[in-house]
Amino acid sequence: AAFGSCITGFVLGFSSLLNINMDKYHYLIPSEKDVQLIGSIATMGAFFAGLVVGIISDKIGRKPTLLLLTIPSVIGWYCIAVSFWFVVDNDYQKYLAMILAGRCLTGFAAGGYSIVVPVYIIEISPSRLKGLFGSINQLSI
């Protein structure tokens with residue numbers, strides 16, 4: 001469950017590395033608008049997760065919700081990885097579409113993990129260790 005917090009940290013920190021790496025390719029110089037969109041679309045995905053994940057976790061449980069959140073996370077990271085193939089092909093529009101789809105999906109997963117993981121960890125922790133495990137969760141982000 002704490003791995004979900006690590007994924008949240010990866011999603012939050014990925015856009016800064018992405019923008020630095022894009023400058024390496026002289027033919028792939030994104031506009032300022034595209035850079036801002038790539039950096040912020042994960043937050044939009046997290047917003048939509050906040051609207052639905054709490055309800056889903058109450059209906060089907062915390063653990064099944066965590067398992068379901070791996071689907072957008074894996075697909076999102078796959079889209080991000082595949083997007084770099086379009087850099088090699090000099091196809092900026094496909095690259096941008098894939099990176100935006102991937103960032104939105106990983107943002108959705110990160111937002112969902114931010115809701116479900118702390119609750120799940122506290123629920124399964126022994127009473128005397130709830131504070132420790134709750135703190136470790138926050139350090140993972």
Side-chain angles (χ1 to χ4, degrees), residues 1-25 27-141:
F3 188 65
S5 298
C6 291
I7 290 174
T8 302
F10 293 152
V11 170
L12 294 174
F14 182 72
S15 60
S16 61
L17 294 174
L18 179 68
N19 293 334
I20 291 169
N21 288 334
M22 286 168 62
D23 293 338
K24 288 181 182 179
Y25 303 98
Y27 53 85
L28 181 65
I29 300 174
S31 68
E32 187 66 28
K33 178 184 162 192
D34 290 344
V35 170
Q36 291 173 353
L37 186 59
I38 290 168
S40 63
I41 197 157
T43 308
M44 294 171 64
F47 169 77
F48 290 113
L51 297 175
V52 296
V53 170
I55 297 167
I56 292 171
S57 86
D58 284 342
K59 292 206 182 283
I60 66 170
R62 312 291 185 246
K63 190 173 182 180
T65 304
L66 288 172
L67 294 174
L68 279 176
L69 285 171
T70 59
I71 295 168
S73 181
V74 169
I75 294 172
W77 284 113
Y78 178 77
C79 288
I80 291 169
V82 167
S83 71
F84 288 102
W85 291 341
F86 296 114
V87 172
V88 176
D89 294 337
N90 291 331
D91 194 347
Y92 181 71
Q93 294 304 319
K94 286 182 182 175
Y95 164 77
L96 185 62
M98 289 296 284
I99 204 82
L100 290 175
R103 291 278 296 156
C104 188
L105 287 170
T106 57
F108 184 89
Y113 287 135
S114 297
I115 294 168
V116 179
V117 168
V119 176
Y120 180 71
I121 287 176
I122 294 301
E123 285 179 351
I124 65 169
S125 307
S127 299
R128 59 186 172 80
L129 298 174
K130 286 184 190 284
L132 174 68
F133 288 139
S135 300
I136 288 173
N137 173 52
Q138 292 302 317
L139 290 174
S140 296
I141 296 174

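Count residues from 1 along the sequence.
We find the CD1-SG distance between I99 and C79 to be 9.0 Å, quoted to the nearest 0.5 Å. Here the OH-OG distance, from Y78 to S83, works out to 11.0 Å after rounding to the nearest 0.5 Å.
Residues L37 and K33 form no side-chain contact, since every pair of their non-hydrogen atoms from C-beta on lies 4.5 Å or further apart. Side-chain atoms of Y113 and S73, non-hydrogen and from C-beta on, do get closer than 4.5 Å to each other. Within the 4.5 Å cutoff, the side chain of M98 has no heavy atoms near those of the I80 side chain. W77 is listed as a side-chain neighbour of V11, based on a closest heavy-atom distance under 4.5 Å. Proximity of Y92 to D34: side-chain heavy atoms (C-beta onward) are separated by under 4.5 Å at one or more points.
Judged by distance alone, with hydrogens and angles left aside, the side-chain atoms of R103 form a donor-acceptor pair with the main-chain N or O of I38 at under 3.5 Å. Side-chain atoms of R62 never come within 3.5 Å of backbone atoms of V117 as a donor-acceptor pair (strictly under, hydrogens ignored).
Listed by first then second residue, pairs satisfying salt bridge (charged side-chain N to carboxylate O under 4.0 Å, His left out) with a partner in residues 127-141 number zero, not counting sequence neighbours.
The shortest non-hydrogen separation linking V116 to V53 is CG2-CG1, 3.4 Å. Heavy atoms only, all atoms of each residue included: G54 and S57 are closest at O-OG, 3.3 Å.
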Identify every side-chain donor-acceptor pair in residues 64-72 under 3.5 Å, counting partners at least two apart or on other chains, and give the distances.
from: T65; atom 1: OG1; to: G61; atom 2: O; distance (Å): 2.6
from: T70; atom 1: OG1; to: L67; atom 2: O; distance (Å): 2.5

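Checked against salt bridge (Lys or Arg N to Asp or Glu O under 4.0 Å), K94 has the following partners two or more places apart in sequence or in another chain: D91.
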